[in-house]
Amino acid sequence: MDNITAKWEEVLIELANQVSAISYDMWLKKLEPIDVIEGVFYIKAPNNMTKKICNESYSFLISQAISKVLNIDEFEIFGTEEYEEFTKHNIKQNEKEEKKECPFNPKFTFENFVVGKSNQFVYSAAKSVAENPGARFNPLFIYGGVGLGKTHLLHSIGNFIFKNNPKLNILYVTCEKFTNDYLECLHNKNKDISKFREKYRSLDVLMVDDIQFISNKESTQLEFFNTFNDLHQSNKHIIITSDRPPNEISTLNDRMVSRFNMGLIQDIQAPDFETRYVILQKKAQLENCLVDNDALVFIAENVTSNIRELEGVLSKTAFLASLRGHPRATIEEAKEALKTKLEESKEQLTPNLIIDIVSKYYRIDKQAILGTKRTKEIADARHMSIYLMCELMNLPMATIGREIFSRDHTTIMHARNKIADAYGKNDKITREINDLKSMILQQ
Ligand code: ADP
Ligand code: MG
């Protein structure tokens with residue numbers, strides 16, 4: 001819906017350029033977008049008079065503007081009664097659908113998942129679990145960097161089971177949701193956690209996304225551990241994802257790590273060029289965007305570490321083309337999309353933001369990163385922050401040293417070089433750099 005509102009703003013700008021200020025204020029400005037349904041843009045008029053005038057005098061301009069901004073050819077303006085009918089009908093429709101609605105993202109399916117060298121093992125394991133839950137690879141632990149398809153795979157398993165094995169009770173939760181569910185039950189009036197247990201222990205398949213966010217509180221860990229054991233003993237399947245392997249999740253209990261080792265721990269790597277290119281082709285097709293081949297090649301060559309970013313640049317490319325009224329996006333638009341995306345993300349960067357993200361990622365206090373302690377973990381996080389400031393913000397080393405860390409520039413240079421040298425050689429550091437960069441530039 002937000003997207004529709006934003007698009008409508010653009011339509012209004014188009015319209016404002018075409019009519020007198022008075023007509024615009026009197027009629028067009030008062031229209032509101034409702035939704036796009038099956039290729040028709042529905043618009044609400046504040047009263048029947050406005051509807052009539054707009055239909056009679058401005059329908060050509062409206063249609064032109066909508067077609068330019070959204071590539072949609074049809075629209076309909078609702079007056080008061082029609083709008084009431086429409087909302088009533090929609091509410092009923094939603095109520096009907098609620099009962100049987102599939103809780104998984106319909107776009108995240110095995111069919112839409114492009115398989116390449118970087119993810120073929122994890123794909124096969126996920127497929128095998130979906131086909132035979134409770135059998136092999138239990139638990140399945142998937143780890144890998146930001147935007148590489150972990151959540152997509154969990155939803156694929158969900159969609160597959162929902163369709164082929166609808167009697168199974170399957171749940172997807174983020175680690176945060178699991179924790180909140182638990183804490184809510186724990187803190188309600190009766191401290192009754194039987195509801196929580198009823199929900200989680202009656203499952204056939206439990207999927208927990210982003211387990212790296214598990215809190216180090218003993219009670220939450222214990223509840224997770226017990227839920228895990230309970231399900232596992234009854235051959236119920238558990239699938240977990242994380243941005244790093246179990247033994248690198250600093251808050252995770254050792255006994256939990258050893259439980260994960262009972263099943264399959266499988267990583268998912270950044271895609272190679274071939275895979276990135278096929279993903280782009282597939283996305284363009286799914287979203288009905290026409291994009292020149294050399295534009296796809298350009299994007300695949302230049303966005304290398306994160307599939308979400310790959311998609312972001314592709315949709316920006318298509319958006320720029322549609323703004324210009326081009327039916328097909330060209331390499332020019334792809335270049336511009338990449339450039340503006342990077343600039344937009346970099347414009348908002350501050351050293352403080354970088355330290356914030358590094359601090360959350362490693363779970364190390366911000367003040368410790370800024371301070372002088374030299375225990376390995378703290379020093380590593382500090383070096384990483386310095387490296388990222390140099391790389392992403394082009395800040396002079398002297399400035400970083402003087403204004404942020406109160407150190408001289410040779411210390412800063414040392415820290416930067418240490419991380420830069422490890423990039424591409426040390427797997428762990430390379431993964432961490434890619435993850436952190438993705439997180440920082442997505443802010
Ligand atoms: P993660 O959970 O690992 O951060 P997501 O599963 O959210 O990443 O994936 C980010 C985006 O990239 C999603 O839109 C997803 O559909 C897409 N994506 C990831 N891997 C693939 C793939 N192999 N094929 C097609 N799309 C993919
Ligand atoms: Mg995810």
Ignoring hydrogens and geometry, is there a side-chain-to-backbone donor-acceptor pair from [X] to [Y] under 3.5 Å?
X	Y	result
His232	Asn138	yes
His326	Ala321	no
Asn119	Ile268	no
Ser128	Ser124	no
Thr109	Asn112	yes
Asn288	Ala284	no
Asn426	Ala422	no
Ser215	Lys217	yes
Lys360	Asp356	no
Thr430	Gly424	yes

Cation-pi between [X] and [Y]: NZ/CZ under 6.0 Å from ring centre and within 45° of the ring axis?
X	Y	answer
Arg259	Phe228	no
Lys127	Phe110	yes
Lys44	Tyr83	yes

More than 12 heavy atoms from other groups under 6.0 Å of [atom1] on [X]:
X	atom1	value
Arg136	CZ	no
Lys68	NZ	no
Glu344	CD	yes
Glu377	CD	no
Glu274	CD	no
Asn55	CG	yes
Tyr361	OH	yes
Lys373	NZ	no

Report yes or no: do [X] and [Y] form a side-chain donor-acceptor pair below 3.5 Å?
X	Y	result
Glu432	Asn434	no
Thr411	Asp408	yes
Asp243	Tyr143	no
Tyr362	Asp380	no
Asp210	Thr174	no
Asp292	Thr330	no

Problem - salt bridge (charged side-chain N to carboxylate O under 4.0 Å, His left out) contacts in which one or both residues fall within residues 297-313, not counting sequence neighbours - result: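 Checked against salt bridge (charged side-chain N to carboxylate O under 4.0 Å, His left out) - neighbours excluded - the pairs reaching residues 297-313 are Lys283-Glu311.
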Charged N to carboxylate O under 4.0 angstrom, [X] versus [Y]?
X	Y	result
Arg416	Glu391	yes
Glu333	Lys339	no
Lys425	Asp421	no

Problem - Minimum heavy-atom distance between Lys117 and Thr275, given as atom pair plus value - result: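 It is N-OG1, 4.4 Å.
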Spatial distance of atom [atom1] ([X]) from atom [atom2] ([Y]) [nearest 0.5 Å]:
X	Y	atom1	atom2	answer
Arg382	Arg407	CZ	CZ	4.5 Å
Ile355	Ser385	CD1	OG	5.5 Å
Leu338	Lys335	CG	NZ	10.5 Å
Leu314	Glu287	CG	CD	8.0 Å
Ile4	Ile34	CD1	CD1	10.5 Å
Ile238	Leu140	CD1	CG	11.0 Å

Practice task
I would like to know whether Phe104 and Tyr172 meet ring pair (Phe, Tyr, Trp, His ring centres under 6.0 Å); could you show each step before the answer?
Solution key: CA-CA 8 Å; Phe104 304 105; Tyr172 163 95; 7.1 Å; no
Exercise for the section: Please identify each residue that fulfils side-chain contact (heavy atoms from CB on, under 4.5 Å) with Thr350, with sequence neighbours left out. Expected result: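 Partners of Thr350 under the side-chain contact (heavy atoms from CB on, under 4.5 Å) test: Asn352, Leu353.
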Is there a side-chain contact between [X] and [Y], using heavy atoms and a 4.5 Å cut-off?
X	Y	result
Ile299	Arg276	no
Leu349	Ile440	yes
Ile62	Leu28	yes
Asp209	Val173	no
Pro351	Leu395	yes
Thr304	Phe273	no
Lys236	Val205	no
Gln212	Thr251	no

Exercise for the section: With Phe224 as reference, evaluate Phe178, Tyr182, Tyr200 under the ring pair (Phe, Tyr, Trp, His ring centres under 6.0 Å) test and give the passing residue. Expected result: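 Running ring pair (Phe, Tyr, Trp, His ring centres under 6.0 Å) over Phe178, Tyr182, Tyr200 with Phe224 returns exactly one hit, Phe178.
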Problem - Ring geometry between Phe113 and Tyr123 (parallel below 30°, tilted from 30 to 60°, perpendicular above 60°) - result: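 If you compare the ring of Tyr123 with that of Phe113, the planes turn out parallel.
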Problem - For Phe141, the option from Leu264, Ile211, Ile239 that meets side chain to side chain contact (heavy atoms under 4.5 Å, CB included) - result: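 For Phe141, the side chain to side chain contact (heavy atoms under 4.5 Å, CB included) check succeeds only for Ile211.
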Practice task
Could you tell me whether Phe75 and Tyr42 have their ring centroids closer than 6.0 angstrom?
Solution key: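 No - the distance between ring centres of Phe75 and Tyr42 does not fall below the 6.0 Å cut-off.
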Practice task
Evaluate side chain to side chain contact (heavy atoms under 4.5 Å, CB included) for Gln281 paired with Leu296, printing each intermediate quantity in order.
Solution key: CA-CA 7 Å; Gln281 271 187 323; Leu296 295 182; 3.8 Å; yes
Practice task
Check step by step if side-chain hydrogen bond (donor to acceptor under 3.5 Å, both in side chains) holds for Asn17 and Tyr24.
Solution key: CA-CA 9 Å; Asn17 287 331; Tyr24 176 76; over 6 Å; no
Handout entry: Ser67 and Asp73: CA distance, side-chain angles, deciding distance, side chain to side chain contact (heavy atoms under 4.5 Å, CB included) verdict
Key = CA-CA 5 Å; Ser67 154; Asp73 291 317; 3.9 Å; yes
Practice task
Given salt bridge (charged side-chain N to carboxylate O under 4.0 Å, His left out), test Asp181 with Lys177 step by step and report yes or no.
Solution key: CA-CA 6 Å; Asp181 270 5; Lys177 168 92 174 101; 2.9 Å; yes
